[in-house]
Amino acid sequence: MKIIMLGAPGAGKGTQAKMIADKYGIPHISTGDIFRANIKNGTELGKKAKTYMDQGLLVPDELTCDLVVDRISQEDCKNGFILDGFPRTIPQAECLTDALKERGEQMDYAVDVDVPDENIINRMSGRRVCLNCGATYHIVNIPPKKEGICDRCGKEIVLRADDEPETVKKRLDVYHAQTQPLIEYYSNQGILKTVDGTQPMDAVFESIVKVLED
Ligand code: AP5
Ligand code: MG
Ligand code: ZN
């Protein structure tokens, strides 16, 4: 099963993608997580990506497309994968479509987790992430068992560098200008499924499983 998670920043793509990946035993591929790991490790890619991410802008397509095409060609992706945060522009989507077409394949589902902008700012200001294992929490909606500490690995959880309110507004603008057109792109491919992302986390998950198994 090859799935794309679409949705605004903070819509819950990462939260849901991890649960879907666990349920179906497929790799969860988040370009945001890959860039953050590179920043943490001080790589060349990380240094380049950071200048864009801190401003709420997209990392250029040429730094992103090859990375994903390479990742989905690995052995663990042969039974499927879930993409979270990619594609984010029409050129990225075309690059993905072309790379799969060369192998005689195509994506199966593009799931749009729909959340209006009004709900987003509150979610982002409450989000805490573990930079060690990638787990995500919300101080009110989805709190860790012990305040400030990751349930999964015991390390400290922090506010993401790009979750300051001003940067979140910029990311929303960028989403509407560059990423939202993908909804029509995948609707035209006949694989778009929309779920109401304002429901509680478990209800969103059930909605997604339902569209995948219908
Ligand atoms: P990325 O890491 O992908 O960030 P994003 O798309 O802005 O999305 P987020 O991770 O912020 O939100 P999410 O939808 O995963 O929500 P989450 O599950 O955490 O990208 C970051 C940056 O990297 C980009 O700005 C760009 O610079 C760069 N980048 C990445 N990919 C790129 C690409 N392909 N091309 C170019 N640049 C790229 O949930 C949010 C919060 O809400 C959490 O606190 C969570 O606990 C809570 N929550 C989740 N679900 C619910 C619910 N149902 N009810 C209540 N609270 C909930
Ligand atoms: Mg995410
Ligand atoms: Zn952790």
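Hydrogens, waters and symmetry mates are skipped; everything else that's a heavy atom, side chains included, is used. Note that ligands are numbered from 1 as they come in the structure, with each ligand's atoms numbered from 1 the same way. On a predicted model such as this, the values are computed, not experimentally measured, just so you know.
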In terms of side-chain geometry, is the basic nitrogen of [X] or [Y] positioned less than 4.0 Å from the acidic oxygen of its partner?
X      : Y      : result
Arg103 : Asp98  : no
Lys13  : Asp84  : no
Lys193 : Asp112 : no
Arg36  : Asp33  : yes
Lys210 : Glu213 : no

Looking only at protein heavy atoms, which one is nearest to [atom], and what is the separation?
atom                    : result
atom 16 (O) of ligand 1 : Gly12 N, 3.2 Å
atom 8 (O) of ligand 1  : Lys13 NZ, 3.2 Å
atom 10 (O) of ligand 1 : Arg160 NH1, 3.0 Å
atom 24 (C) of ligand 1 : Arg88 NH2, 3.8 Å
atom 37 (N) of ligand 1 : Val59 N, 3.0 Å
atom 35 (N) of ligand 1 : Gln92 NE2, 2.9 Å
atom 7 (O) of ligand 1  : Arg171 NH2, 2.5 Å
atom 47 (C) of ligand 1 : His138 CB, 4.1 Å

Report the member of [options] with the shortest heavy-atom distance to [atom].
atom                    : options                      : value
atom 51 (C) of ligand 1 : Gln16, Arg127, Arg123        : Arg123
atom 27 (O) of ligand 1 : Val113, Leu58, Leu57, Asp163 : Leu57
atom 48 (N) of ligand 1 : Asp202, Val168, Ile142       : Ile142

Please could you name the atoms of ligand 1 that [X] approaches to less than 4.0 Å, counting only its heavy atoms?
X      : answer
Met124 : 11 (O)
Arg36  : 2 (O), 21 (C)
Met201 : 52 (C), 53 (N)
Ala8   : 14 (O)
Pro200 : 53 (N)
Thr64  : 33 (C), 34 (N), 35 (N)
Asn141 : 55 (C), 56 (N)

Can you tell me if [X] uses its side chain to pair, donor with acceptor, with the backbone of [Y] under 3.5 Å?
X      : Y      : value
Asn41  : Ala37  : yes
Thr64  : Pro60  : yes
Asn38  : Ile34  : yes
Tyr186 : Val111 : no

- Task: Ignoring hydrogens and angles, state whether a donor on the side chain of Ser207 or Gln199 is under 3.5 Å from an acceptor on the partner side chain.
- Result: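 Yes, because at least one side-chain N or O of Ser207 sits under 3.5 Å from a partner of the opposite role on Gln199.
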- Query: Does any donor atom in the side chain of His176 or Asp117 lie under 3.5 Å from an acceptor atom in the other side chain?
  - Reply: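 Distance-only check passes for His176 and Asp117.
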- Task: Please state which part of Thr15 comes within less than 4.0 Å of ligand 1, counting heavy atoms only: side chain, backbone, both or neither.
- Result: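 For Thr15, backbone and side-chain atoms both sit under 4.0 Å from ligand 1.
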- Message: Applying a heavy-atom cut-off of 4.0 Å, say which part of Pro60 lies close to ligand 1: side chain, backbone, both or neither.
- Response: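 It is neither part, as no heavy atom is under 4.0 Å.
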[X]-ligand 1 polar pair, N/O distance under 3.5 Å:
X      : answer
Pro9   : no
Gln199 : yes
Gly56  : no
Tyr52  : no
Gly14  : yes
Tyr137 : yes

Distance-minimising heavy-atom pair for [X] and [Y]:
X      : Y      : value
Cys150 : Tyr137 : SG-OH, 3.3 Å
Ala161 : Asp54  : CB-OD1, 4.1 Å
Asn132 : Cys153 : ND2-SG, 3.2 Å
Phe35  : Ala49  : CD2-CB, 3.8 Å

- Item | Step-by-step salt bridge (charged side-chain N to carboxylate O under 4.0 Å, His left out) determination, Arg128 to Asp163 | CA-CA 9 Å; Arg128 296 295 180 273; Asp163 277 350; over 6 Å; no
- Task: Can you tell me, to 10 degrees, how wide the angle at the Zn ion (ligand 3) is between SG on Cys133 and SG on Cys153?
- Result: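 Taking the Zn ion (ligand 3) as the apex, the two atoms subtend 120°.
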